[in-house]
Structures are given as structure tokens and as C-alpha cells.
Amino acid sequence: MNKMTPIQIDGCKLIPLDQLTIDQANDLRSWLPKEDILQIHFQGFLFNECIAYDTYVYWFKTHQVLSRTYESILDF
């Protein structure tokens, strides 16, 4: 799984959930509290379901470790 590059809006780094795979976006939605999923208006565009890049990085690292652990269990 490749790590996403954030978009930057008003100095804040964000990840739009619609840029992730459906599985990743669903995992994040179920993992995060609803108030951490943001809706951003910027220059006439509406970005639905964005999360802070730092939150995404933490989830990404955690998810990578859990995925590798699960895959190594299946190797036996």
C-alpha cells in the first residue's frame, strides 16, 4: 500500500477520503470519530470527508503493522 501525498489548504495538510481506495476510506471512517472527518470549502470547491494528514500518517503506520502481522500469520 502506497502512502498518499496530502493536499495543502490554508497551511493545513489534508487527505480527501475519496482519493483512497474504498477499503482504506471505510477503515478510516470506522476508526475515526465523526468530528475528525472534515468538510472544507476552498476557492469555490467543496472537499467532502477530509482528514488531517498527521492522522492519516498515524493510521497508515498502524495499518501497515497490523497488515504485515496478519499476512505473516497466514504464512504458517
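By the 30° and 60° cut-offs, the orientation of the rings of H63 relative to W59 is parallel.
Rounding to the nearest 0.5 angstrom, the gap separating the CZ atom in F60 from the CD1 atom in I15 is 10.5 Å. Once rounded to the nearest 0.5 Å, the distance linking CD1 of I51 with CG of L32 reads 5.5 Å.
The neighbour count for Y58 OH, taken as heavy atoms of other residues, nucleotides or ligands under 6.0 Å away, does not exceed 12.
Clustering ILVMFWY residues whenever any of their side-chain heavy atoms sit less than 4.5 angstrom apart, transitively, puts Y53 in a cluster other than the one holding I40. There is a path of hydrophobic side-chain contacts, each under 4.5 Å, that joins I9 to L38. Under the 4.5 Å side-chain heavy-atom criterion for Ile, Leu, Val, Met, Phe, Trp and Tyr, L28 and V57 are members of the same hydrophobic cluster. There is a path of hydrophobic side-chain contacts, each under 4.5 Å, that joins L14 to F45.
Pairs of residues two or more places apart, or lying in two chains, that qualify as side chain to side chain donor-acceptor pair (under 3.5 Å) and include a residue from residues 31-46 are Q39-N48. Contacts classified as salt bridge (Lys or Arg N to Asp or Glu O under 4.0 Å) and involving residues 18-31 (residues at least two apart or in different chains) are given here: R29-E49.
Closest non-hydrogen pair, A25 versus L20, comes out as N-CB, 4.2 Å. Contact between C50 and P16 at its shortest, heavy atoms only, is SG-CA, 4.0 Å.
At a threshold of 4.5 Å between non-hydrogen side-chain atoms, the residues Y56 and K13 do not count as touching.
Qualifying side chain to side chain contact (heavy atoms under 4.5 Å, CB included) partners for I22, counting only residues two or more places apart in sequence or in other chains: N26.
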**Message:** As a quick check of understanding, evaluate side-chain contact (heavy atoms from CB on, under 4.5 Å) for F42 and D10, giving each step before the final call.
**Reply:** CA-CA 9 Å; F42 182 70; D10 293 333; 3.8 Å; yes
